[in-house]
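Comments concern the structure below.
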Amino acid sequence: MDLAFVILVEMLYAVASLILIGAGLAVVFGMMKVINLAHGEFMMMGGYATITAVNLGVNIFVAMLVVAPLVVGLIGLVVERLVIRHLYGRLVDTMLATWGLSLFFIGLVTMIFGNTTTGISTPIPGFAVGDYQINGYNFFVILAAIALLIGVLLVLRTTRAGLVARGAMQRSDMAAALGYSPDRIYMATFFCGSALSGLAGAVFAPLVGLVPTSGGAYIAKAFITVIAGGPSLVAGLLSSAGVFGIVSQIFTFAISPVIGEVALLVAAVILLRIMPQGITGRFFKGRL
Amino acid sequence: MPGRFVKDVWVTVLVTAVLIWIMPLLIGTYTLTVLVIYGMLGLSLGLIWGFGGILCFGQTAFFGLGAYTYAIAAINIGESTLPMILAILVPAVFAALLGAMMFYGRLTDVYLGVITLVVTLILFKFMNSTAGPQYVIGKARMGGFNGIPGFPTLNVPGDPDTYIWGDPYFYVCAVLLALVFLLVSALLRSSFGRVAVGIRENETRASLMGYDVRARKTVLFAIGAAIAGLAGALFANWAEIVTPSLFSLGQSAEIIIWCIVGGLGTRLGPIVGAAGLAYLKFLLGQQAVVDNTLITGLILVLFVLFLPKGIVPALVGLWKASFGRRPLGRIHQARRMRGGERANG
């Protein structure tokens, strides 16, 4: 019984972390068809922003939920203006340019913070369930993922800004004719996507020993989750994170964590082979 | 055009001979050997990406597979001729299977990228986790993160006690690169190569003309993997150890950067890009002011933004910047070949 509860929490946690990892990339890819391979480094910088802020005496939750998204969002803004802006509509070129950016940021952070592991302790203590110990922070991650999904859904569906953004993504010329500047909208969307990446990186900062190359651990998972999710933003993210999270946890508990990771990747290959347009390319068409 | 090809062969042989003679006077053969190997690896991606339009994010998977195959086979067999052949065959077969799965599923650009990336990651994670004593192939321990050291290196075929190392090994690698280059040239001049370029330009049109696009892409993909596998085996001989870092994302990124910088759609571009950038990295590694990765990233971004074709003037500038003096032969050859490439269409 206790074990069943632990496994349930771990599964929810795996799904939630995939949602968090993928969210920033999903906004940028789902809305703008830009694949940001520097996404992992955005997360890494979110983590560094959090740790730096905490070391400067900022409350850890403020650092995670406010400072990190703002800092990374601003970095994203600069990147969009300098690089991405010139490459809209050239999918492969943006991938290559952002891959270059990811290497650039790894180098930059290595020069600033050094090639050493930094970290902070988790702000929420763990507790025992029967014979097992559960990390209390896992619940925070699950809650953060739920809040994030609902937030994105609400912004896109109910606010005017969300409506304008969706309109501009579908027909930028029409949005321009109605008096909205697509250039500005793309800029704002990229800012939001980067901020979400920063937030995710910040949430994971207390769980991992952060090194400048930490981003590499995220990018593949984020990339796979988003591409396998397909065109719809929220539904795609939720469905693919659900599939991959559960598959990887089943294999993790049954065999070993490494096999769990490998199972996730194999599941991704199989899923893409069967549904080349992603899960929401076949099901839930036209949803958000 | 057999006459033209014969001329091409002579030029290649001549230039190779001159370079093999001159380059060791400028750079040590130990460094040169790895530059030549990287050149071959660059050429393998240059072939499938530049001429076949297949952007493979995991070319290093085949490089690593070649290296591992060689190491494992060499330990078990105890000499190097058969392992070298296996190191070419295993990646080629693996790529043929993977390619068949992808191309017969009609996966294109981004999805192709994801799958090749994921497969590379699977190999990376798997190889890293093989530390335990249960992971043994024949006599070879897989070694996990530490890799496989201490396998027999290249020997004269038929004479397992005469090892080829040091300067002679450089000559072997350089001659092999020239051979591969000539084979690639011949392939591209054949009807198979021309159809491959046709598929790159317009897949639908090629298939409407009756060519089996899926099969042709699969075969081209396997050929690229075979070249990468050979480069991997040569690398294993050079480094005398194989580690899972051969499968790392950074290594994949580098191969793509070489091709972009050197120039896609040319045979020489990826080789020059690989050797040039690897040497630049080697030089940058000797200073501690600026981080190496930062420069690599910056180069990629700047090239995508300003010189997405990796054009010749930039190449000449880069050559000048990294070497201080320019070996005229190679630049003139590059110019001539690019001109020819353009004229041929």
What part of A/Leu82 lies closer than 4.5 angstrom to a heavy atom of chain B: side chain, backbone, both or neither? backbone

Region of A/Val269 in contact with chain B, defined by heavy-atom distances below 4.5 Å: both

Say you draw a straight line from CG of A/Leu272 to CE of B/Met102; how long is it, rounded to the nearest 0.5 Å? 11.5 Å

Distance (rounded to the nearest 0.5 Å) between B/Leu298 CG and A/Phe104 CZ: 5.5 Å

Side chain, backbone, both or neither of [X] within contact of chain A (heavy atoms, under 4.5 Å):
X	answer
B/Ile257	side chain
B/Ile122	both
B/Leu121	both

Ignoring hydrogens, what is the shortest heavy-atom contact between A/Leu96 and B/Leu300? Give both atom names and the distance. O-CD2, 3.1 Å

Do you know the tightest heavy-atom contact between B/Val301 and A/Ala97? CG2-O, 3.4 Å

Max heavy-atom pair count under 4.5 Å with chain B, selected residue of [options]:
options	answer
A/Leu264, A/Ile219, A/Ile106, A/Ile227	A/Ile227
A/Ala220, A/Pro212, A/Gly100	A/Gly100
A/Val262, A/Val109, A/Ile259, A/Leu108	A/Leu108

Residue pairs passing the salt bridge (Lys or Arg N to Asp or Glu O under 4.0 Å) test with at least one member in residues 239-248 of chain A, sequence neighbours excluded, are none

Is the shortest heavy-atom distance from the side chain of B/Leu294 to the side chain of A/Leu103 under 4.5 Å? no

Got a list of the donor-acceptor pairs under 3.5 angstrom between chain B and chain A?
from	atom 1	to	atom 2	distance (Å)
B/Met101	O	A/Arg273	NE	2.7
B/Lys125	NZ	A/Glu261	OE1	2.9

Verify side chain to side chain contact (heavy atoms under 4.5 Å, CB included) between B/Leu305 and A/Val83, making sure each step is shown before the conclusion. CA-CA 7 Å; B/Leu305 279 181; A/Val83 179; 4.2 Å; yes

Going through the checks in order, is the side chain to side chain contact (heavy atoms under 4.5 Å, CB included) test met by B/Phe126 and A/Leu265? CA-CA 11 Å; B/Phe126 177 73; A/Leu265 298 170; over 6 Å; no

